[in-house]
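Only this structure's heavy atoms are used, side chains among them; waters, hydrogens and symmetry mates stay out. When a residue number appears, it is its place in the shown sequence, counting from 1. Because the structure is a prediction, the values reported are computed rather than measured.
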Amino acid sequence: MWKKGTICVVADAAEVTVKIVPDYPGSSSFVIHCESGDDDLGGHIVVQGSLYSFKFSPNAWGMTLFHCAVEREGKGLSFEMYNENRDLISRCEKICLWKVRPDGVAGFAEHWDNPDLYFPWTR
């Protein structure tokens, strides 16, 4: 039974894994730098045949946001790799997959074979 003054604590959501892989011909690499309001994950070089990934638990306030910049062969873009309002319920409950392609970056919902988000190179 709840009494006046009782504090209710909402537990954080389950851990989410975000992965980004090269999906283009050739052997070139790409550079990615991701950060949230709390964490700067630094820059990473991702070579063909490998991937970059990180894990986190979305916060209880529904405000988790990871912003990333990607550069490949003189092209670049910045985008929201994970936005809790967009992704937690309908896209990426446990896994978010992104692919760097010749024309930009494509995002895949957890149970889809085709991309549902796309960010073209902007520079």
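Cluster annotation: I89 is connected to V16 through the hydrophobic network of ILVMFWY side chains, with a link wherever side-chain heavy atoms come within less than 4.5 Å. One hydrophobic cluster, built from ILVMFWY side chains closer than 4.5 Å, cannot hold both W98 and L65; they sit in different ones. Put simply, V21 and L41 are part of two different groups of oily side chains (I, L, V, M, F, W, Y) that touch within less than 4.5 Å, one to the next. Each of I95 and V46 belongs to its own hydrophobic cluster when Ile, Leu, Val, Met, Phe, Trp and Tyr are linked at side-chain heavy-atom distances under 4.5 angstrom.
For the pair E73 (side chain) and P102 (backbone), a donor-acceptor distance under 3.5 Å is absent.
Between H44 and S29 the shortest side-chain heavy-atom distance does not fall below 4.5 Å. Put simply, the side chain of P115 reaches to within 4.5 Å of the side chain of R101, judged on heavy atoms. For the pair F119/E80, no side-chain contact is recorded, criterion being any heavy-atom separation below 4.5 Å from C-beta on. Two residues are said to be in side-chain contact when any heavy atoms from C-beta on lie closer than 4.5 Å; Y52 and V18 fail this criterion. Contact annotation: the side chain of M81 never approaches that of V105 to less than 4.5 Å [non-hydrogen atoms, C-beta and beyond].
Listed by first and then second residue, the salt bridge (Lys or Arg N to Asp or Glu O under 4.0 Å) pairs that reach into residues 102-114 come to none, sequence neighbours excluded. For residues 88-123, every residue pair satisfying the disulfide (SG to SG under 2.5 Å) rule, not counting sequence neighbours, is listed here: C92-C96.
Within 6.0 Å of CG on L51 lie more than 12 heavy atoms contributed by other residues, nucleotides or ligands. Within a 6.0 Å radius of NZ in K19, no more than 12 heavy atoms belonging to other residues, nucleotides or ligands are found.
Between T64 atom OG1 and N59 atom CG the span is 3.5 Å, to the nearest 0.5 Å. Atoms CE and CG, on M63 and N85 in that order, are 7.5 Å from each other to the nearest 0.5 Å. In this structure, CG in D116 is found 8.5 Å from CZ in F108, a value given to the nearest 0.5 Å. Atom OG1 of T17 is separated from atom CG of L97 by 11.5 Å, given to the nearest 0.5 angstrom. We find the NZ-CD1 distance between K99 and I20 to be 11.5 Å, quoted to the nearest 0.5 Å. Going from atom CG of L117 over to atom CG of N83 covers 10.0 Å, rounded to the nearest 0.5 Å.
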Sequence neighbours left out, cut at 3.5 Å: what donor-acceptor pairs do the side chains of residues 30-38 make with other protein atoms?
unit_1	atom_1	unit_2	atom_2	d
H33	NE2	D40	OD1	2.6
S36	OG	D38	N	3.1
S36	OG	D39	N	2.9

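Annotation for P22 and V47: closest pair CG-O, 3.6 Å, computed over non-hydrogen atoms. Minimum interatomic distance between S27 and Q48 (heavy atoms only, all atoms of both residues): CA-CB, 4.2 Å. W121 and K75 get closest at one heavy-atom pair: CD1-CD, 3.5 Å.
Using cut-offs of 30° and 60° on the angle between ring planes, the pair Y82 and F56 is perpendicular.
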